[in-house]
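All values derive from a computational prediction rather than experimental measurement.
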Amino acid sequence: QAKAKGRGAYQLFEPEMEEEARSRHALEQDLRGALEAREFHLVFQPQMRLDSSELTGFEALLRWKHPSRGFISPAEFIPIAEENGLIVPIGEWVLRSACATAVSWPDVTVAVNLSPVQFRSRGLVAMVTSALAEAGLPPRRLELEVTETALLDDSEATIEILHQLRALGIRVSLDDFGVGYSSLSYLRKFPFDRIKIDRSFVGTLGESPESVAIVRTIASLGSVLGVETTAEGVETEEQLDFVRECGCTAVQGYYFGKPCLASEVSRTIETLTTIRRVA
Ligand code: C2E
Ligand code: MG
Ligand code: MG
Ligand code: MG
């Protein structure tokens with residue numbers, strides 16, 4: 001319905017906006033065929049525990065290689081897929097692929113992002129159960145990442161689903177914490193296993209006392225609640241020292257590793273295990 005309204009409305013704006021709307025529409029069309037055309041793949045980024053410098057798992061991140069436009073960022077196509085509902089089958093593909101890949105790893109977790117739209121689709125718990133069973137992955141090796149927007153609308157129903165997932169033995173983390181609609185009440189409504197501090201704070205630790213105060217506060221909140229706190233987007237040694245000093249218990253970022261292909265995961269594990277021995 002937004003589209004029908006949009007068509008007339010766009011003519012009131014600049015040509016660039018019309019162009020933007022057209023390109024988004026084209027992208028939406030292409031997205032419809034992308035799953036079947038096998039244009040998606042996953043990459044995996046290491047997640048480390050800070051005290052022991054131990055690798056604890058990998059986050060699965062979706063990549064779309066468009067046949068003519070090349071790689072398109074998930075930040076661009078996920079919102080479109082959420083709007084038209086395609087995120088439901090795409091998200092199912094992500095989860096099944098991630099579980100199937102992770103089963104061949106040593107005893108580390110795989111973290112998968114869930115869209116709020118997937119919570120509103122029926123049968124999420126059954127789908128997750130079946131993905132684990134089909135892959136033969138123990139539930140404790142799966143971590144599901146949800147953002148606060150998932151808890152915004154219909155939060156009672158969402159929290160009930162989160163409880164069901166956690167009852168299966170799956171870990172649940174709160175992603176991108178500190179931006180958007182952050183509300184501390186979510187931490188009271190559901191016992192998350194992990195809070196992931198948005199990388200916008202980590203990236204500004206050097207210049208912004210506010211960011212330092214926020215990261216420190218989230219870390220101590222996590223410590224009081226007995227929840228792990230992961231600093232996202234750690235790129236430099238300086239940032240690593242900063243987030244450690246702030247009290248974060250885990251990190252993820254380019255400093256330890258950029259997202260890599262499934263075929264490169266075992267080499268990444270080896271490298272990170274060597275770093276640990278040397279450190
Ligand atoms: P996210 O879940 O917060 O994932 C972390 C993002 O930060 C990833 O971007 C990752 O590549 C990037 N990143 C990690 N470390 C660093 C760093 O040190 N520096 C910088 N500059 N960036 C870093 P990516 O892969 O582009 O994904 C963006 C977002 O798209 C994700 O944010 C997530 O919200 C969404 N997304 C990705 N894959 C999926 C998926 O399978 N399903 C859903 N629903 N969303 C996904
Ligand atoms: Mg995430
Ligand atoms: Mg995040
Ligand atoms: Mg994000």
Side-chain angles (χ1 to χ4, degrees), residues 43-62 73-76 78-79 82 109 111-116 143-152 155 158 162 171-260 272 275 279:
V43 289
F44 299 91
Q45 186 178 35
Q47 304 180 310
M48 313 283 291
R49 188 174 289 139
L50 258 181
D51 55 4
S52 55
S53 298
E54 195 179 350
L55 175 85
T56 56
F58 289 86
E59 177 173 7
L61 295 158
L62 185 58
S73 162
E76 191 176 344
I78 297 237
E82 288 178 328
T109 58
V112 174
N113 294 285
L114 281 188
S115 159
E143 187 161 316
L144 294 172
E145 300 193 356
V146 300
T147 56
E148 292 150 317
T149 45
L151 304 168
L152 267 187
S155 85
T158 300
L162 288 176
R171 293 171 225 219
V172 182
S173 53
L174 188 51
D175 204 355
D176 300 347
F177 190 73
V179 291
Y181 306 89
S182 288
S183 162
L184 295 177
S185 70
Y186 298 137
L187 294 172
R188 198 184 57 203
K189 286 186 190 157
F190 184 76
F192 288 96
D193 297 282
R194 179 188 302 280
I195 298 169
K196 298 186 74 179
I197 304 170
D198 193 76
R199 71 179 148 90
S200 57
F201 299 107
V202 176
T204 50
L205 281 174
E207 68 249 32
S208 159
E210 290 79 11
S211 293
V212 176
I214 290 167
V215 173
R216 218 187 277 287
T217 303
I218 300 173
S220 57
L221 188 65
S223 146
V224 170
L225 297 174
V227 176
E228 299 270 352
T229 42
T230 298
E232 296 193 85
V234 170
E235 295 183 357
T236 66
E237 188 159 6
E238 193 191 5
Q239 289 169 347
L240 181 68
D241 292 340
F242 241 128
V243 302
R244 182 184 280 126
E245 196 260 323
C246 286
C248 297
T249 62
V251 284
Q252 181 179 342
Y254 294 171
Y255 179 77
F256 281 112
K258 290 196 172 175
C260 67
L272 290 173
I275 288 178

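A heavy-atom distance below 4.5 Å is not found between the side chains of Phe192 and Ser173. Considering only heavy atoms from C-beta on, Leu272 comes within 4.5 Å of Phe256 through its side chain. Leu151 places a side-chain heavy atom less than 4.5 Å from the side chain of Leu174. Put simply, the side chain of Phe177 does not reach to within 4.5 Å of the side chain of Asp198, judged on heavy atoms. Contact check for Leu187 versus Leu184: side-chain heavy atoms found under the 4.5 Å cut-off. Inter-residue side-chain proximity for Thr249 and Val227 is flagged as unmet; no heavy-atom pair is nearer than 4.5 Å. Using a 4.5 Å cut-off on side-chain heavy atoms (C-beta onward), Thr230 and Ile197 make no contact. By the 4.5 Å heavy-atom criterion applied to side chains, Glu59 and Asn113 are counted as neighbours.
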Which donor-acceptor pairs under 3.5 Å do side chains of residues 235-242 form with protein atoms, sequence neighbours excluded?
residue, atom, partner, partner atom, Å
Thr236, OG1, Gln239, N, 3.0
Gln239, OE1, Glu235, N, 2.7
Gln239, OE1, Thr236, N, 3.3

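One distance of note links SG of Cys260 with CD of Gln45; it measures 9.0 Å at 0.5 Å rounding. Here the OH-OG1 distance, from Tyr186 to Thr158, works out to 9.5 Å after rounding to the nearest 0.5 Å. Between Ile218 atom CD1 and Leu225 atom CG the span is 12.0 Å, to the nearest 0.5 Å.
Remark: side-chain polar atoms of Ser223 are not paired, donor with acceptor, to backbone N or O of Ala219 under 3.5 angstrom. At distances below 3.5 Å, not a single donor-acceptor pair connects side-chain atoms of Ser208 with backbone N or O atoms of Leu205. Under a 3.5 Å cut-off, the side chain of Thr204 and the backbone N or O of Glu207 do not form any donor-acceptor pair.
Counted by atom type alone, Glu232 and Gln252 present zero donor-acceptor pairs between their side chains at under 3.5 Å. Using modelled atom types and a 3.5 Å distance limit, the side chains of Ser115 and Glu82 yield a donor-acceptor pair. Arg49 and Thr56 share no side-chain donor-acceptor pair at under 3.5 Å.
Phe44 pairs by the ring-ring contact (aromatic ring centres under 6.0 Å, His included) definition with Trp105, not counting sequence neighbours.
When the shell of 6.0 Å around NZ of Lys189 is examined, it contains more than 12 heavy atoms from other residues, nucleotides or ligands.
In plain terms, the two heavy atoms of Ala250 and Arg194 that are nearest each other are CB-NH1, 3.7 Å. Annotation for Cys248 and Thr229: closest pair CA-OG1, 3.5 Å, computed over non-hydrogen atoms. Nearest approach of Asp193 to Arg171, heavy atoms of both residues: OD2-CA, 3.3 Å. Heavy atoms only, all atoms of each residue included: Ser211 and Phe201 are closest at CB-O, 3.6 Å. Looking at every heavy atom in both residues, Pro74 comes nearest to Pro79 through O-CD, 3.6 Å. Of all the heavy atoms in Glu148 and Val179, the pair that sits closest is OE1-O, 3.1 Å.
Glu143 and Lys196 are not joined by a salt bridge, as no carboxylate oxygen comes within less than 4.0 angstrom of a charged side-chain nitrogen.
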